[in-house]
Amino acid sequence: MIPNSHRCWAEVDLDALRENLAWIRHRVGPDVQIMTVVKADAYGHGLKPIAALLMQSGTDIFGVANLTEARHIRAVGKGWPILMLGACLPDEIPLAVRDDVRPTLSSLPEAKAFHAAAARARKILAVHLKVDTGMGRLGVPLSDAPALVRHIQRLSALRLEGLYTHFCAVEDDAVFSRRQAEQFRRLVDTLDACRLKPPLIHANNSGALLHQPDTHFNLVRPGLLVYGVSPPGKRRSTSRLARDVRAALSWKCRVSLVKTIPPGTPLSYGRTFVARRTMRVATLTAGYGDGYARAGSNRAEVLIRGHRCPVVGRITMDQMLADVSRVPRVRCGDDVVLIGREGRQQITAHELALHFGTVPWEVLTAITCRVPRLYHGATAA
Ligand SMILES: *Cc1c(COP(=O)(O)O)cnc(C)c1O
């Protein structure tokens, strides 16, 4: 039971996460390792409990965005390799070495700085080299990659463990993604021919897992899919994964007031909504201060007693309004589903993203720290 004191909360189904990881494992097969990406507080699900669950459920490696996230994972369990997906800042280099976090390298100066820091710490640091095949964010240009690989292999305090690239439009653009994949594969083959190929080769995020099973190489990097949300896009996927994963997160609030208003009544800031008929309106205990984007004003829907109810008027910081005219017996204190399933109805992170003018990744990571995360499932403590 959810204690009545919560006004806005997220429920995380740990069994769903465990099953999603098992499904991904099943689809990629036993020879492919899985790096579960847990950046941004495990996509808003809460890093420490999710890291613990993923450790128990057989993740091989963790992908993070910063060293604080890496420390939180280490606090939950020792021994799992962690790859920092972003570039390290100069002052972070000794900390990454100290904490045994694998850095992502894109250039020779970075490699030399890590070599020096690792040598100073009398350590051999595992590193991954990123190759830019079209993302334009991190990574060495393709043509410079073989020389940089050679150089890194000569730095005695570094062990080149991985080589990777990142797709920039894999959910939408099959042609460009194929080109990225081919270029990366050609590089891998060239390195292999010179016996310079690192042990771990990886490219696939969630979208690529669905659309390009031929580029799993020997490690995949799913984020969104682990949490049970399929990346949206123009490309149709034939992968059963898109269908078989289950969303782990539900997001809820409460009804704090129900009232009947006459025609002509304006609602909320800016009077953007005016009742055209007699309406029943519920005040809800969530707003953009919880991460429910103001862009959803007069667009999004919520579930109350299993019915879809339109959000009416501007969403405010802590409260919003819903039209409950068609829902019988709505009462103050009722639960409201912002994301999740109730009866035959479901509101997905994808649907909210469409109303908010964004992507499911942002919907999930935008849920603020005011919203407690409550854990269900066999492994919840
Ligand atoms: C975030 C991230 C991923 C995971 O992406 P999803 O689309 O959530 O699966 C994989 N690789 C890199 C480099 C990333 O930054």
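In listed order, ligands and their atoms are each counted from 1. Not measured: the values here are computed from a predicted model.
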A.B. asks: Applying side-chain contact (heavy atoms from CB on, under 4.5 Å) to Asp100 and Lys123, what does each step give before you reach the verdict?
C.D. replies: CA-CA 9 Å; Asp100 289 313; Lys123 276 188 171 179; 3.3 Å; yes
A.B. asks: Taking the hydrophobic residues Ile, Leu, Val, Met, Phe, Trp and Tyr, and joining any pair whose side-chain heavy atoms are under 4.5 Å apart, which ones share a cluster with Ile261?
C.D. replies: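 Answer for Ile261: Leu267, Phe273, Met279, Val281, Val312, Leu321.
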A.B. asks: Check each protein residue for a heavy atom under 4.0 Å from ligand 1 and list those that pass, ordered by chain and number.
C.D. replies: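 Correct list: Val37, Lys39, Tyr43, Leu85, Lys130, Arg137, His166, Asn205, Ser206, Arg221, Pro222, Gly223, Leu224, Trp361.
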A.B. asks: Looking at Asn205 and Pro222, would you say the former's side chain and the latter's main chain have a donor-acceptor pair under 3.5 Å?
C.D. replies: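 Absent.
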A.B. asks: Indicate, with yes or no, if the rings of Phe217 and Phe184 have centres closer together than 6.0 Å.
C.D. replies: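 Between Phe184 and Phe217, which both carry aromatic rings, the centre distance is below 6.0 Å.
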A.B. asks: What pair of heavy atoms forms the shortest contact from Arg235 to Asp173, and how long is it?
C.D. replies: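 Looks like CD-N, 4.1 Å.
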A.B. asks: Evaluate the ring planes of Tyr292 and Phe356, with Trp represented by its six-membered ring, and classify them as parallel (under 30°), tilted (30 to 60°) or perpendicular (over 60°).
C.D. replies: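 Ring orientation, 0 to 90° scale: perpendicular.
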